[in-house]
Amino acid sequence: MASQSVLTPQAEDFPRWYQDVVAKAEMADNGPVRGTMVIRPYGYAIWERIQAEIDARIKQAGAQNAYFPLFIPQSYLSKEAEHVEGFSPELAVVTHAGGEELAEPIVVRPTSETVIGEFMAKWIQSYRDLPLLLNQWANVVRWELRPRLFLRSSEFLWQEGHTAHATYEDAAAYAMKIHLEVYNDFLNEVLAVPTFLGIKPPRERFAGAINTMTCEGMMRDGKALQMATSHELGQNFAKAFDIYYQSEEGQAALCHTTSWGSSTRLVGGLIMAHGDDRGLVVPPRLAPIQVVVIAVRDEPTVNEACERILASLKSAGVRAVLDRGRGSFGRRLTDWEIKGVPLRVEVGPRDLAEGVVTVVRRDSAEKITLALEAVAPQVPALLETVQAELLRGARDHRDANTCDVPSVVEAIDVAQTGFARLSWDLVGDSEEAEMNSQAVTIRCLVRADGSIPASDLEEDLLCIVAKAY
RNA sequence: CGGGAAGUAGCGCAGCUUGGUUAGCGCGCCUGGUUUGGGACCAGGAGGCCGCGGGUUCGAAUCCCGCCUUCCCGACCA
């Protein structure tokens with residue numbers, strides 16, 4: 001009856017562990033076409049929680065949701081030179097439809113700057129129409145050569161925001177606002193993943209952008225994951241799509257646009273940032289199921305007690321479910337652990353005889369005995385404690401594996417297991433090539449005080465380098 | 001897309017080297033019973049175009065060729 005591990009241990013083979021978690025926690029399956037993903041109900045429930053939290057923050061920032069078509073005329077992509085060059089290798093193109101070859105091929109959207117630009121041009125007439133703040137939740141297609149569930153799939157789900165502003169300053173400020181108040185706030189407060197915020201070096205910029213900001217998180221194996229990005233597009237798309245407005249003075253002027261996105265990749269980030277050898281660990285504020293009430297045995301008195309506890313938790317605003325005592329106890333515990341449910345409340349005859357239950361934390365395995373009446377009043381605070389400790393744990397892990405180094409050679413060494421931070425001045429083309437040959441990449445540029453640079457031309461910048469997903 | 005490994009029941013695998021009746025095992029699943037405080041046990045049962053296509057052969061899971069898919073390592077990306 002000794003429990004043997006049901007997952008490949010992280011230390012033995014991290015990628016294998018990841019796949020085991022995705023499969024055993026019933027999050028996703030591979031689709032029939034290479035690179036496609038079937039998101040199962042539990043994985044989708046997590047995504048819906050991510051969506052809800054991000055969507056609320058986007059609306060708080062003033063943007064409105066809309067929907068643009070999946071199909072984009074190929075000619076649109078070509079209007080912005082860097083954009084088409086950046087995306088053409090990964091485009092899926094429809095050449096036949098309605099039983100005939102199409103006169104103009106149709107691209108399946110890899111992102112929607114172009115179509116949205118076209119309509120922004122139509123909708124924006126006056127400075128009074130600015131800023132125009134749009135967002136859409138959609139699927140996009142980028143043909144991937146090496147797919148991985150949630151992290152890199154040929155079709156994925158995301159939100160893409162697109163805005164148009166009268167001035168460069170407004171646009172830059174809004175992109176920054178989204179980056180801090182939507183993405184970084186969500187990542188820290190909900191996903192419990194501390195980030196490095198910075199800008200991408202010129203080579204890594206979004207195709208067509210003048211500046212790209214990123215949120216880089218550290219996974220438990222020390223590798224980096226880009227968890228969200230915001231782009232200043234300058235007037236590149238405004239020029240390509242004629243997005244003009246008439247100013248107060250009656251002059252025609254070009255808009256400045258931004259775009260920003262976060263995707264189902266965040267689910268992969270969640271798995272790798274908090275998971276352990278027992279499976280997923282979901283932060284309480286994110287968890288679709290925060291508490292599982294487990295009946296040790298399937299008998300009337302136990303079940304009645306469970307029902308009462310469940311009802312009291314729900315009325316306290318806790319997302320809770322009931323696991324009736326069918327099947328072996330140990331097996332059920334293991335299943336809930338793999339799914340990463342933050343707290344479980346174990347209810348059995350021995351507990352009930354004493355008027356108590358046993359509450360167990362997923363993150364620390366700590367067991368707490370609570371009086372029956374104390375469960376609903378105390379669980380919300382306990383969930384917040386777990387949330388805070390997950391963030392603290394992730395921050396400790398990140399800090400312990402982030403090192404300031406004086407040279408590229410040492411940066412490559414440090415990047416085998418974590419992040420290295422060094423002067424950006426030390427990294428020329430040949431140094432970057434040397435790092436890249438070891439799979440180490442520049443994740444972002446930051447100021448010495450950790451804030452986000454306005455441009456890569458600022459002096460005394462630092463760069464954070466790491467292996468990345 | 002390049003280099004490597006692998007596809008046999010839902011999952012994990014054996015069988016292939018040296019072709020030969022009905023293709024096995026563990027877990028899971030179904031039925032019945034006993035169980036239930038950390039992956040329970042007994043008995044019975046269901047489930048396979050052996051990845052796909054072609055070739056060699058009297059005969060192919062097994063040998064040969066092509067393709068597809070998955071995993072690992074690179075280049076590309078959210």
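Letters A, B, ... are given to chains in the order of the sequence lines, protein chains preceding strands, and every chain is numbered from 1.
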5' to 3', nucleotides 71-78 of chain B under a 4.0 Å protein heavy-atom cut-off (B base, S sugar-phosphate only, - none) gives SSBBBBBB
Taking only the [atom1] atom of each, what is the distance from [N] to [M] in whole angstrom?
{"N": "B/rG45", "M": "B/rA9", "atom1": "C1'", "answer": "14 Å"}
{"N": "B/rU8", "M": "B/rG12", "atom1": "P", "answer": "8 Å"}
{"N": "B/rC71", "M": "B/rC11", "atom1": "C1'", "answer": "16 Å"}
{"N": "B/rC41", "M": "B/rA23", "atom1": "P", "answer": "29 Å"}
{"N": "B/rU62", "M": "B/rC16", "atom1": "P", "answer": "13 Å"}
{"N": "B/rA61", "M": "B/rG7", "atom1": "P", "answer": "16 Å"}
{"N": "B/rG26", "M": "B/rC73", "atom1": "C1'", "answer": "32 Å"}
{"N": "B/rG37", "M": "B/rG28", "atom1": "P", "answer": "16 Å"}

Partner of [N] by Watson-Crick or G-U wobble geometry, both contacts under 3.5 Å, or none?
{"N": "B/rA61", "value": "none"}
{"N": "B/rA78", "value": "none"}
{"N": "B/rC71", "value": "B/rG4"}

key: Residues touching RNA chain B, which here means a heavy atom under 4.0 Å, drawn from residues 337-357 of chain A   =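 The answer is A/Glu337, A/Arg344, A/Glu346, A/Gly348, A/Pro349, A/Arg350, A/Asp351.
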Rounded to whole angstrom units, what separation is found between the [atom1] atom of [X] and the [atom2] atom of [N]?
{"X": "A/Arg331", "N": "B/rG37", "atom1": "CZ", "atom2": "C1'", "answer": "18 Å"}
{"X": "A/Glu26", "N": "B/rG10", "atom1": "CD", "atom2": "C1'", "answer": "12 Å"}
{"X": "A/Met37", "N": "B/rU69", "atom1": "CE", "atom2": "P", "answer": "18 Å"}
{"X": "A/Asp298", "N": "B/rG37", "atom1": "CG", "atom2": "P", "answer": "14 Å"}

Sorted by chain and number, sequence neighbours left out, ring pair (Phe, Tyr, Trp, His ring centres under 6.0 Å) with A/Phe186 holds for none
Is there a donor-acceptor pair closer than 3.5 Å between any side-chain N or O of [X] and the backbone N or O of [Y]?
{"X": "A/Arg362", "Y": "A/Leu280", "result": "yes"}
{"X": "A/Arg109", "Y": "A/Pro69", "result": "yes"}
{"X": "A/Arg332", "Y": "A/Arg324", "result": "yes"}
{"X": "A/His274", "Y": "A/Leu191", "result": "yes"}

Any side-chain donor paired with an acceptor under 3.5 Å for A/Thr441 and A/Arg443?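 Note: A/Thr441 and A/Arg443 side chains meet the donor-acceptor criterion.
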Margin query: Under a plain distance cut-off of 3.5 Å, with no hydrogens placed, do A/Ser153 and A/Glu144 share a side-chain donor-acceptor pair?
Written below: no
### Query
Is the count of non-hydrogen atoms from other residues, nucleotides or ligands lying under 6.0 Å from A/Trp143 atom CH2 greater than 12?
no
Rounded to the nearest 0.5 Å, the CZ atom of A/Phe14 sits from the CZ atom of A/Arg220 at a distance of 8.0 Å
